[in-house]
Amino acid sequence: MALDASELSRAADLRAEAAAAARTGQPLIVIYSRDDCRFCQTIKREHLGPMAADTQRGKRLMIREIGQDRDTPLIDFQGRPTTHAAFATREKIKLVPVVAFYGPNGRKLAEPIVGARLPDFYQSYLDDAIEQASRKLKQP
């Protein structure tokens, strides 16, 4: 059963969240979204929510949301205080949804998935990017 889109955790401390994800051998997955973005809601509801709740993968994926339109406080990868909106701007996020894959210290581990792309293939885009990011995470 799919989770409600609102059940994804909002990012709070990217440095700590990326380090915790890396300890399990997984990337930190971040979706950049807006409250008024219906494609964002669809991706969260149909793909990321169920992936975050899936314990069958062996290790739960750490998936966080950053609201491009929110002034929610956030600690960045260097431990500096910022906001969701300011961090999204610094990451050059213009169109949403964007799903990005990070390692410790904000290292980008795979090309971000920008936009909704082809709905029938979206899960394979996600799976491929997670696999690539997990492999790159293990490289020095």
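When reading the values below, keep in mind they use all heavy atoms of this one structure, side chains included, and skip hydrogens, waters and symmetry mates.
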Asks: Provide the closest heavy-atom pair for Val98 versus Pro112 in the form atom of the first, atom of the second, distance.
Replies: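 Heavy-atom minimum between the residues: CG1-CB, 3.9 Å.
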
Asks: Which ILVMFWY residues can you reach from Phe39 by hopping between side chains whose heavy atoms are under 4.5 Å apart?
Replies: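 Once heavy-atom contacts under 4.5 Å are chained together, Phe39 still belongs with nothing else.
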
Asks: Apart from Leu109 itself, what residues make up its hydrophobic cluster when side-chain heavy atoms of I, L, V, M, F, W and Y under 4.5 Å apart count as a link, directly or indirectly?
Replies: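 Listed partners: Leu137.
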
Asks: Distance check, rounded to the nearest 0.5 Å: Ser33 atom OG versus Asp69 atom CG?
Replies: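 With rounding to 0.5 Å, OG (Ser33) is 7.0 Å from CG (Asp69).
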
Asks: Looking at Asp128, I'd like to know if its CG atom is crowded, meaning that more than 12 non-hydrogen atoms belonging to other residues, nucleotides or ligands lie closer than 6.0 Å.
Replies: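 Enclosed.
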
Asks: Does this structure show an ion pair linking Glu91 with Lys108, if we count only N-O contacts that are shorter than 4.0 Å?
Replies: yes

Asks: Which residue in the set Leu8, Ile113, Ile63 passes side chain to side chain contact (heavy atoms under 4.5 Å, CB included) when paired with Ile29?
Replies: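 When Leu8, Ile113, Ile63 are each tested with Ile29, the side chain to side chain contact (heavy atoms under 4.5 Å, CB included) holds only for Ile63.
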
Asks: With rounding to the nearest 0.5 Å, note down the distance linking OG in Ser134 to CZ in Phe101.
Replies: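 Separation between the atoms: 9.5 Å.
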
Asks: Ala11: what forms a side-chain contact (heavy atoms from CB on, under 4.5 Å) with it, not counting sequence neighbours?
Replies: Leu14, Glu17, Arg64, Ile66, Leu74, His84

Asks: I want to check something: taking the side chain as every heavy atom from C-beta on, are Gln78 and Arg15 in contact at a cut-off of under 4.5 Å?
Replies: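 Heavy-atom side-chain distance check fails, nothing below 4.5 Å.
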
Asks: To the nearest 0.5 Å, what is the distance between CG (Leu48) and SG (Cys40)?
Replies: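 If I round to the nearest 0.5 Å, the distance is 10.0 Å.
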
Asks: Do Glu111 and Gln132 have side chains that approach each other closer than 4.5 Å (heavy atoms only, starting at C-beta)?
Replies: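 In short, these two side chains do not touch, never coming nearer than 4.5 Å.
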
Asks: Linking I/L/V/M/F/W/Y whenever any side-chain heavy atoms sit under 4.5 Å apart, do Val114 and Phe87 land together?
Replies: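 They do share one cluster, since a chain of ILVMFWY contacts under 4.5 Å joins Val114 to Phe87.
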
Asks: If the condition is salt bridge (charged side-chain N to carboxylate O under 4.0 Å, His left out), which residues does Asp76 pass it with, not counting sequence neighbours?
Replies: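 Scan of Asp76 (salt bridge (charged side-chain N to carboxylate O under 4.0 Å, His left out), adjacent residues dropped) gives Arg80, Arg90.
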
Asks: For Asp35, check salt bridge (charged side-chain N to carboxylate O under 4.0 Å, His left out) against everything at least two apart and list the hits.
Replies: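 Expected list: Arg10, Arg70.
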
Asks: Should Ile31 and Met62 be counted in the same cluster of Ile, Leu, Val, Met, Phe, Trp and Tyr side chains packed under 4.5 Å apart?
Replies: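 No, separate clusters.
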
Asks: Please enumerate all residues that pass ring pair (Phe, Tyr, Trp, His ring centres under 6.0 Å) together with Tyr102, with sequence neighbours excluded.
Replies: Phe77

Asks: Any non-hydrogen side-chain atom of Tyr122 less than 4.5 Å from a side-chain atom of Asp120?
Replies: no

Asks: For the side chain to side chain contact (heavy atoms under 4.5 Å, CB included) test, which of Ile93, Leu95, Val96 pairs with Arg34?
Replies: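 So the option named by the test is Val96.
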
Asks: Output the distance between atom CD1 (Ile43) and atom CE (Met51), rounded to the nearest 0.5 Å.
Replies: 12.0 Å

Asks: Thr72 and Thr83: side chain to side chain contact (heavy atoms under 4.5 Å, CB included), yes or no, with the steps?
Replies: CA-CA 5 Å; Thr72 305; Thr83 66; over 6 Å; no

